[in-house]
Number of protein chains: 2
Amino acid sequence: MIAPALTKNQSLVFDVLNRSDAPMSAYTILDRLRDQGFRAPLQVYRALDKLLEFGLIHRLESLNAFVACSHAQSDCCSKGHGTVAFAICESCGHVSEFHDHAVDHRLGDWAKQKGFKPAKTTIEIRGLCSACAA
Amino acid sequence: MIAPALTKNQSLVFDVLNRSDAPMSAYTILDRLRDQGFRAPLQVYRALDKLLEFGLIHRLESLNAFVACSHAQSDCCSKGHGTVAFAICESCGHVSEFHDHAVDHRLGDWAKQKGFKPAKTTIEIRGLCSACAA
DNA sequence: TGACACACGTTATAGCATAACGCAATTGAT
DNA sequence: ATCAATTGCGTTATGCTATAACGTGTGTCA
Ligand SMILES: [Zn+2]
Ligand SMILES: [Zn+2]
Ligand SMILES: [Zn+2]
Ligand SMILES: [Zn+2]
């Protein structure tokens, strides 16, 4: 999915997420955008859906929250946006997004061996970041 | 966490999950147990919390649903209940729970290298099982 | 006996997500 | 130019997921 120019609502939502240093729920985003004319959850969810489709943001399933993509361009097997993993600090909220080739392949091998056809893979590690664990 | 004898409510909830061949939401479990006297979500959630604590069930974060543990006893590094992964069929709902030593260690290595202290790791592969993909 | 822990039941509330309707702007044929 | 299809947008209403707060009963252990 190649990203066309963002609409006004999509830009507003993306900017909010991009400036945040922690994941945000749809309703928190909504509150942050009331001043820009947002009134209803759907305005946020529709923008989030598109941003997910464009690969500009990610949904953290274990938090019901969203983060801007910080996928390093240098990642190896970037045909599109390979499987990524997230390390989520439960103290400060910081999220590290990373790609691990070995993990990706290993899970892929398991799937192939079982005849399972993966569509989307979620990997989320909850814990304490180095700063908070110290 | 060693599991003591289950209370009545815990047993009822566990049995429902154990008999199901697909993940169930808390509210679906509630509906299934109305005849046994369940009236409110908390009765289910409290039982689920304990069952999770005992390691008898798992929560699937990407579905907001729960499954009975089918952790094979043969799994290698079973100090307690190591990190497991789930392959979830989006067509028939079947869930395969498995442990992959290599994946577990690989993520652990990443964490160690970054100084991140993992508390709980979620790995969920959504897709089509072999039967449904055919 | 009293203090505590724990399971339980109930009511109310909070938090996350989508259905369904209608309108406006864009695009791309015909 | 005009029609049809697509897409985005705004609004209202609703549904699904989860927890707060309060009180009751029961068993354990000084
Ligand atoms: Zn990314
Ligand atoms: Zn932290
Ligand atoms: Zn298990
Ligand atoms: Zn299937």
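Residue numbering restarts at 1 for every chain, and letters A, B, ... go by the order of the sequence lines. Just the heavy atoms: all of them, side chains too, but no hydrogens, waters or symmetry mates, feed the values below.
Residue whose closest nucleotide on DNA chain D sits further toward the 5' end, between Ala40(A) and Ala47(A): Ala47(A). Judged by closest nucleotide on DNA chain D, Lys50(A) is the one of Pro41(A) and Lys50(A) placed further toward the 5' end. Remark on DNA chain C: of its neighbouring residues Lys8(B) and Leu63(A), the 5'-side contact belongs to Lys8(B), judged by nearest-heavy-atom nucleotide.
In the model, Thr122(B) has no side-chain atom that pairs as donor or acceptor with a side-chain atom of Glu61(B) under 3.5 Å.
Look at CD on Glu61(B): it is 12 Å from P on dA17(C), rounded to the nearest Å. Straight-line distance from the CZ atom of Phe38(B) to the P atom of dT10(C): 11 Å, rounded to whole Å. We find that CG of Asp49(A) is positioned 14 Å from C1' of dC9(D), with the value rounded to whole Å. When rounded to the nearest whole Å, the span between CZ of Arg39(B) and P of dA12(C) equals 14 Å. Rounded to whole Å, the distance from CG on Leu42(A) to C1' on dA17(C) is 8 Å. Regarding Leu33(B), its CG atom lies at a distance of 15 Å from the C1' atom of dC8(C), rounded to whole Å. Atom CG in Leu51(A) sits roughly 11 Å away from atom P in dG8(D) (whole-Å rounding). When the P atom of dA18(D) is taken as reference, atom CG of Asn64(A) falls 8 Å away, rounded to whole Å.
OP1 or OP2 of dA18(D) lies within a sub-4.0 Å distance of a side-chain N or O belonging to Arg59(B). Proximity of Thr7(A) to the phosphate of dG8(D): no side-chain N or O atom is located under 4.0 Å from OP1 or OP2.
Side-chain proximity of Gln43(B) to the nucleotides dG9(C), dT11(D), dA17(C) is greatest for dG9(C). Of the candidate nucleotides dT10(C), dA20(C), dC16(C), dC16(C) has the atom lying nearest to any side-chain atom of Tyr45(A). Across dA17(C), dT10(C), dA20(C), the shortest atom-to-atom separation from the side chain of Arg46(A) is found for dA20(C).
Ion pairing of Asp31(A) with Arg34(A) is present here, as a side-chain N (NZ or NE/NH1/NH2) and a carboxylate O approach within less than 4.0 Å.
You'll find a donor-acceptor pair under 3.5 Å spanning the side chain of Tyr27(B) and the base of dA18(D), going by distance alone.
Between the side chain of Arg126(B) and the backbone N or O of Ser62(B) there is at least one donor-acceptor pair closer than 3.5 Å. For Gln36(B) (side chain) and Leu33(B) (main-chain N/O), no donor-acceptor pair under 3.5 Å exists by modelled atom type.
A heavy-atom distance below 4.5 Å is found between the side chains of Leu6(B) and Leu51(B).
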